[in-house]
Amino acid sequence: MDWGHRRLPPGVIVTEQLSSAYQTLLSAIEAVEPRIAQATRDELTDQRASLKLIASENYASLPVLATMGTWLSDKYAEGTVGHRFYAGCQNVDVVESVAAEHARELFGAEYAYVQPHSGIDANLTAYWAILAHHVETPALAEFGAKNVSELSEADWETLRARFGNQRLLGMSLDAGGHLTHGFRPNVSGKMFHQRSYGTDPETQLLDYDALAKQAAEFKPLVIVAGYSAYPRRVNFARMREIADQVGAVLMVDMAHFAGLVAGKVFQGEENPVPWADVVTTTTHKSLRGPRGGLVLATKDYAADVDRGCPMVLGGPLSHVMAAKAVALAEARTEAFQDYAHRVVDNARALAEGLLKRGGKLVTGGTDNHIVLLDVTGFGLTGRQAESALLDAGIVTNRNSVPNDPNGAWYTSGVRLGTPALTSRGFTTSDMDEVAAMITDVLTATEPTTTKEGKPGKAKYTMPENLASTTQDRAAKLLEMRPLYPGLDL
Ligand code: DSN
């Protein structure tokens with residue numbers, strides 16, 4: 001059946017049979033707990049009716065979603081393929097092997113571990129694998145023990161102190177790094193002595209020479225590359241060189257841009273896999289898979305990564321590993337490569353649309369899937385801009401900009417991303433209209449003033465009808481690019 005969406009990635013197009021299968025499933029849920037069936041239907045309605053610009057979100061295909069809803073969920077399978085702590089894991093072994101095979105072949109990795117339940121879990125697995133490799137294994141040899149249970153109390157205390165003395169260098173939060181890259185509110189900041197690298201104060205771009213200098217002074221065990229809100233590509237060959245100069249492990253968190261690596265937009269020095277020791281990712285962002293994580297590693301780290309469950313992970317989610325396999329199979333197609341390239345074209349079009357209307361962008365533009373709009377030029381905080389846009393049917397998230405004067409709660413920016421709208425089939429000219437809508441809303445939004453007469457940080461006013469007229473503009477675009485066309489719920 002031709003839905004007029006041949007350029008969408010595979011799996012988005014539904015058949016009538018799949019549509020009636022979903023209707024039947026929702027009726028079965030309704031019979032048990034109607035509020036959950038209703039919330040599930042309402043979520044589809046809301047997702048269909050809003051312009052989703054959250055850079056970390058996407059729409060998984062229906063085969064990916066359907067794969068999560070099975071009895072694979074009912075099996076415990078702690079351990080690894082062929083080496084489980086429970087009996088009867090033969091089918092989970094198939095699921096995990098197929099998912100890992102797709103991950104290795106898609107990304108050209110020596111080893112893939114598909115069990116992490118989320119990005120944080122993937123990073124925790126990676127950190128403990130690195131600590132096991134570089135701290136625990138040498139200590140066991142030194143103390144003449146095969147594993148930690150053989151250590152004397154004194155040797156165990158020595159090892160624990162060594163774990164606590166390791167250093168990590170990651171990108172700062174306001175430059176676009178992630179909480180799990182060593183920040184104190186996250187366990188990674190409690191495990192490691194941490195320092196952050198930022199961006200150049202003028203260009204807001206990564207300054208590799210400054211980073212090399214900082215690494216030489218700090219001498220970290222781990223350098224973490226990767227970002228959640230940096231709108232540019234990273235040269236991982238240069239990151240490798242910096243890590244090698246100080247004997248550090250290079251870990252890359254590609255959660256945001258895994259789809260652009262899979263889709264062969266990021267190649268050569270922009271593809272982290274050939275350069276890093278360990279690469280982590282989520283599977284649900286630009287990769288368009290189920291909510292989850294995975295770790296890629298060189299052969300050297302494979303045995304250490306395999307200890308993720310039960311060291312830091314609970315029993316693997318077999319139904320989600322199955323859905324990862326389906327999503328990774330989709331990502332190995334030419335259609336997915338086309339999708340990934342359109343994600344970047346759309347981000348560039350969104351950036352150009354904002355710039356030509358006077359918007360100020362962190363780094364002056366984008367060359368990945370993220371656009372970081374500095375909203376101070378509109379006289380707003382990120383929080384006000386996020387809320388005003390949401391009123392108008394445009395879903396974004398507020399985000400710090402480098403050296404943000406408004407702090408991490410109010411912020412000075414909104415982060416925009418194109419993976420989700422590109423999955424719906426949005427084109428570059430659609431993105432120009434989205435840029436116009438964002439500019440119109442933010443230009444007309446005013447901060448309310450404090451008692452002292454200064455602009456406040458949280459509240460705002462919008463002209464009457466602006467929200468509804470913008471929602472109408474959004475509806476025109478969204479009707480042309482339906483979500484799950486043919487899914488009649
Ligand atoms: N929450 C994700 C994001 O929005 O980028 C990162 O974990």
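Order of appearance sets the numbers: ligands from 1, and atoms from 1 within every ligand. Since the model is a prediction, treat every value here as computed from it, not as a measurement.
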task = Look at atom 1 (N) of ligand 1 and say whether a protein heavy atom is found at less than 4.0 angstrom from it.
result = no
query = L124 pairs by side-chain contact (heavy atoms from CB on, under 4.5 Å) with which of V187, T280, T180, N186?
reply = V187
key: ligand 1 atoms in contact with R415 (distance to a heavy atom under 4.0 Å)   = 3 (C), 4 (O), 5 (O)
ask   = Atoms of ligand 1 less than 4.0 Å from S56 heavy atoms?
value = 3 (C), 4 (O), 5 (O)
Closest approach of any protein heavy atom to atom 6 (C) of ligand 1, naming residue and atom = H178 NE2, 3.3 Å
note = Tightest non-hydrogen contact, residues L442 and V375, listed as CD1-CG1, 4.0 Å
remark   = Looking only at non-hydrogen atoms, the one of H256, K285, H284 nearest atom 5 (O) of ligand 1 is H256
Over 12 foreign heavy atoms within 6.0 Å of CZ, R48 = yes
inquiry  = Between T422 and N346, is there a side-chain donor-acceptor contact under 3.5 Å, judged purely by atom types and distance?
reply    = yes
task = Using only heavy-atom distances, determine whether the side chains of D345 and T428 contain a donor-acceptor pair under 3.5 Å.
result = no
